[in-house]
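What follows is a single structure, written as structure tokens, with notes after it.
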Amino acid sequence: MKLVQTLTLCLALSLSLAAASHHQEGHAQNDKPKPGEHKHEMHHGAKLDRCQGMEFDAVAVNEEGFPYFFKGDHLFKGFHGKAELSNETFPELDDHHHLGHVDAAFRMHSKESPDHHDHQFFFLDTKVFSYYKHKLEKGYPKDISEVFPGIPDHLDAAVECPKPDCTNDTVIFFKGDDIYHFDMTTKKVDEKEFKSMPNCTAAFRYLDHYYCFHGHMFSKFDPVTGEVQGKYPKEARDYFMRCPHFGQKSTDDHIEREQCSRVHLDAITSDDDGSVYAFRGHHFLSITGDKFHSDTIESAFKELHSEVDAVFSYEGHLYMIKDDEVFVYKVGKPHTHLEGYPKPLKDVLGIKGPIDAAFVCADHHIAHVIKGQTVYDVDLKATPRAPVKEGTITHLKNIDTAMCGPKGVTVVIGNHYYQYASPMIMMTARIMPEQHRVSQELFGCDH
Ligand SMILES: *[C@@H]1O[C@H](CO)[C@@H](O)[C@H](O)[C@H]1NC(C)=O
Ligand SMILES: *[C@@H]1O[C@H](CO)[C@@H](O)[C@H](O)[C@H]1NC(C)=O
Ligand SMILES: *[C@@H]1O[C@H](CO)[C@@H](O)[C@H](O)[C@H]1NC(C)=O
């Protein structure tokens, strides 16, 4: 509610400022604000931009681990993109209350309660809704007091805390500064005091860490003791959102953000010397030995601007693919864009865009191009370039990016990566290899 008021205030302010400047310029006629129009827009979320800084009502992942951020009657899916009406995905949330917002949400994790495992729970007023794969479970909504006896109505936040993070499979509820641990097996409620924690408006478990959102900041906390360790609060827009124009801070902060961000990568490559370049939205991170550098794509790769699809390194150059075009930069200080580029992807690799990933292993001249689950190889010494279907990756889906370096092939999906000794092993693998963390293990994030 506060945000809506603030937005309205901002709108009113900018309208009156606009009006004032119009007056100064002497065009006083046609500048009458049309409040109805703006109200309409607000209601439909056109003005709901999370990059403006937003206090979320509730956050929870779905059964596939994909995050949902709730605000008012809207829902943001994933780390970037526009708001949708929550009732498009969860129509029943409207039926009973027309409250227009979700108080709290979590995804159940309890192997011992298979009926509930992986379900998304939403709390509205006095009711709880249980969804599985976006379908409301039979018998829901129910009273909160029926499903979670001892837990109050009108909650602020909720988050699951499975074993072994908590002793038993538990759900943590937040209301003001009251904290309740609800044991899923015994239904016992433990009231806790989380002294160093701010009051959370939303709480979220992501990649085994626990986050409390308050205002447009967040803090990472220990689910058992409520202790906040490390430098918190931090700005949610730096870590949980992809905001192109946000973050005009010092270079050190940029590096830390790019190391620790949970937002997926667009592209990554390792050059012949083992330097790694990772691209995300409008920013990139480069790692040479133990030296980190971060900047905007606009400043180091001006012609490309931002948001690249795939990048590979070949003979001292970075081949950067965006939609149906290839930009080629000679690696140096500064990187220089080759004359004659961008060229159509069809001419450079013989493939139509968009592609998901591309890499060349050192000392070879074969570009491996991943499009969906299909891998093509392209001989970079041959003209014209003729892609050959090399194989299919059956055990991985939704590949964000991949690179080939001294350790073999690294494939990145969301916050995780997988390693293979060679492209052939990647394609013939039938089971998932060990999962690694991008932020900690690839970029050395320390939290
Ligand atoms: C969804 O919510 C919007 C605004 O809250 C409302 O105008 C619309 O009628 C709702 N749609 C459905 C299918 O309930
Ligand atoms: C965990 O569950 C067991 C029974 O399954 C119960 O005896 C014990 O008290 C619970 N522990 C906590 C911390 O709630
Ligand atoms: C936290 O919530 C309690 C009510 O439970 C309230 O008294 C307190 O002022 C809140 N603190 C902040 C910083 O809003």
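Note that ligands are numbered from 1 as they come in the structure, with each ligand's atoms numbered from 1 the same way.
- Note that Lys234 lies in the cation-pi zone of Tyr232, set by a 6.0 Å cut-off to the ring centre and a 45° limit from the axis.
- Annotation: Thr185 places no N or O atom under 3.5 Å from an N or O atom of ligand 2; distance criterion only.
- Atoms of ligand 2 lying under 4.0 Å from at least one heavy atom of Lys188, given by number and element, are 14 (O).
- For residues 155-170, the pairs satisfying side-chain hydrogen bond (donor to acceptor under 3.5 Å, both in side chains) are Ser110-Asp169, Glu112-Lys163, Asp165-Tyr210, Asn168-Asp183, with sequence neighbours left out.
- Using a 4.5 Å heavy-atom cutoff, the side chains of Tyr206 and Asn415 are in contact.
- Side-chain atoms of Tyr131 and Glu92 form a donor-acceptor pair, as typed in the model, at a separation below 3.5 Å.
- For ligand 2, one of its N or O atoms has an N or O atom of Asp183 under 3.5 Å away.
- The 12-atom threshold is exceeded at CD of Glu88, counting heavy atoms of other residues, nucleotides or ligands nearer than 6.0 Å.
- Remark: Asp143 engages Lys127 in a salt bridge (charged side-chain N to carboxylate O under 4.0 Å, His left out) (not counting sequence neighbours).
- For ligand 1, the atoms closer than 4.0 angstrom to any heavy atom of Asp94 are 1 (C), 2 (O), 10 (C), 14 (O).
- Phe66 pairs by the side-chain contact (heavy atoms from CB on, under 4.5 Å) definition with Asn62, Tyr68, Lys77, not counting sequence neighbours.
- Residue-ligand proximity, Asp73 to ligand 1, at heavy-atom distances under 4.0 Å covers atoms 4 (C), 5 (O).
- When side chains are defined from C-beta on, Phe213 does not count as touching Glu55, because their heavy atoms never get closer than 4.5 Å.
- Closer than 4.0 angstrom to ligand 3 lie heavy atoms from Gly176, Asp177, Asn199.
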